[in-house]
Amino acid sequence: MHHVQLSIPPGSEEACRAFYVGVLGMTELVKPPVLAARGGLWVRADDLEIHLGVEEDFRAARRAHPGIRVADLDGLAARLTAAGVEVTWDGAFPGHRRFYACDNSGNRLEFLQPDGPAPRW
């Protein structure tokens with residue numbers, strides 16, 4: 001997979017930058033000029049790339065979500081909580097610890113960490 005795209009409302013790029021780069025610690029990517037004209041924001045961490053695309057009639061993804069594997073789930077939960085982001089833990093995924101949080105636009109995000117060595121699919 002190359003990337004996941006989430007929709008954001010018009011004019012929310014700075015708030016998204018504060019969340020994805022400032023809170024989550026992702027790196028902002030430079031969009032190609034032809035795509036930069038559309039607005040939005042691209043971010044990356046390790047092999048995960050998220051494209052945040054402006055959608056005029058934006059509605060947050062409340063059920064659909066990317067599942068993002070992280071190395072320090074507790075540390076991320078603490079950073080999000082310190083930034084005022086609600087973290088909802090869910091123990092219903094065998095072999096993993098996980099929680100859900102919403103980005104600044106209300107999109108649902110799942111963060112998970114394997115209980116043991118990461119499985120090889």
Side-chain angles (χ1 to χ4, degrees):
M1 184 179 301
H2 182 272
H3 69 274
V4 172
Q5 175 145 342
L6 297 174
S7 295
I8 60 173
S12 66
E13 288 90 346
E14 285 304 316
C16 289
R17 189 172 283 111
F19 180 81
Y20 284 91
V21 176
V23 177
L24 293 183
M26 299 181 84
T27 301
E28 183 173 355
L29 302 174
V30 176
K31 291 178 67 173
V34 67
L35 298 175
R38 300 177 186 177
L41 177 72
W42 290 3
V43 293
R44 181 178 187 86
D46 298 322
D47 291 334
L48 171 65
E49 196 167 302
I50 298 176
H51 294 182
L52 302 162
V54 173
E55 190 168 352
E56 291 300 322
D57 61 343
F58 169 78
R59 288 188 315 201
R62 303 230 183 257
R63 180 87 175 133
H65 61 273
I68 303 167
R69 188 169 32 204
V70 298
D72 181 9
L73 193 65
D74 294 312
L76 177 59
R79 273 201 330 267
L80 287 166
T81 301
V85 177
E86 182 179 351
V87 169
T88 304
W89 290 91
D90 180 355
F93 189 6
H96 292 79
R97 295 178 58 236
R98 71 176 175 174
F99 66 80
Y100 293 97
C102 289
D103 71 8
N104 60 289
S105 297
N107 291 309
R108 184 181 197 198
L109 305 172
E110 176 184 358
F111 298 97
L112 62 159
Q113 181 176 11
D115 281 336
R120 299 262 181 213
W121 303 104

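None of these values were measured; they are calculated from a predicted model.
Put simply, the side chain of Tyr20 reaches to within 4.5 Å of the side chain of Leu109, judged on heavy atoms. Annotation: side chain of Arg108 is not in contact with side chain of Arg62 (no heavy-atom distance under 4.5 Å). Side chains of Leu76 and Phe99 form a contact here, defined as non-hydrogen atoms less than 4.5 Å apart.
Surrounding CG of Asp46 are at most 12 heavy atoms belonging to other residues, nucleotides or ligands under 6.0 Å away.
In this structure, Gln113 contributes its side chain and Ala71 its backbone to a donor-acceptor pair below 3.5 Å. Between the Glu13 side chain and the Gly40 main chain, a donor and an acceptor come within less than 3.5 Å of each other. The closest donor-acceptor contact from the side chain of Asn107 to the backbone of Ser7 lies under 3.5 Å. With Arg79 contributing its side chain and Val23 its backbone, the two residues share a donor-acceptor pair below 3.5 Å.
Residues satisfying the side chain to side chain contact (heavy atoms under 4.5 Å, CB included) test with Pro94, not counting sequence neighbours, are none.
Rounding to the nearest 0.5 Å gives a distance of 11.0 Å between CD of Gln5 and CD of Glu49. The CZ atom of Arg38 lies 13.0 Å from the CD atom of Glu55; values are rounded to the nearest 0.5 Å. His3 contributes atom NE2, which lies 15.0 Å from atom CG of Asp47 (distance to the nearest 0.5 angstrom). Rounded to the nearest 0.5 angstrom, Thr81 OG1 and Glu86 CD are separated by 9.0 Å. Note that CG of Leu29 and CD1 of Ile50 are 10.5 Å apart. Values are rounded to the nearest 0.5 Å.
Tracing side-chain contacts under 4.5 Å through hydrophobic residues (I, L, V, M, F, W, Y), one never reaches Phe58 starting from Phe19; they form parts of separate clusters. Residues Val30 and Val43 are members of separate hydrophobic clusters, defined by side-chain heavy-atom contacts under 4.5 angstrom among Ile, Leu, Val, Met, Phe, Trp and Tyr.
Closest approach of Val85 and Ala101 over heavy atoms only: CG1-CB, 4.0 Å. Closest non-hydrogen pair, Leu112 versus Gly67, comes out as CD2-C, 3.9 Å. Shown here for Val54 and Pro10, the closest heavy-atom pair between the two residues is CG1-CA, 3.7 Å. Residues Trp89 and Arg98 share a closest heavy-atom pair of CE3-O, 3.3 Å. When every heavy atom of Val87 is checked against every heavy atom of Ala77, the shortest pair comes out as CG2-O, 4.0 Å.
Exactly one residue among Leu6, Leu41, Asp103 makes a side chain to side chain contact (heavy atoms under 4.5 Å, CB included) with Cys16. That residue is Leu41.
The aromatic rings of Trp42 and His51 sit parallel to each other, their planes meeting at less than 30°, with 60° as the upper class boundary. A perpendicular orientation is assigned to the rings of Tyr100 and His65, their planes being inclined by more than 60° (bins at 30° and 60°).
Residue pairs meeting the side-chain hydrogen bond (donor to acceptor under 3.5 Å, both in side chains) criterion with at least one member in residues 23-36, sequence neighbours excluded: Arg17-Glu28.
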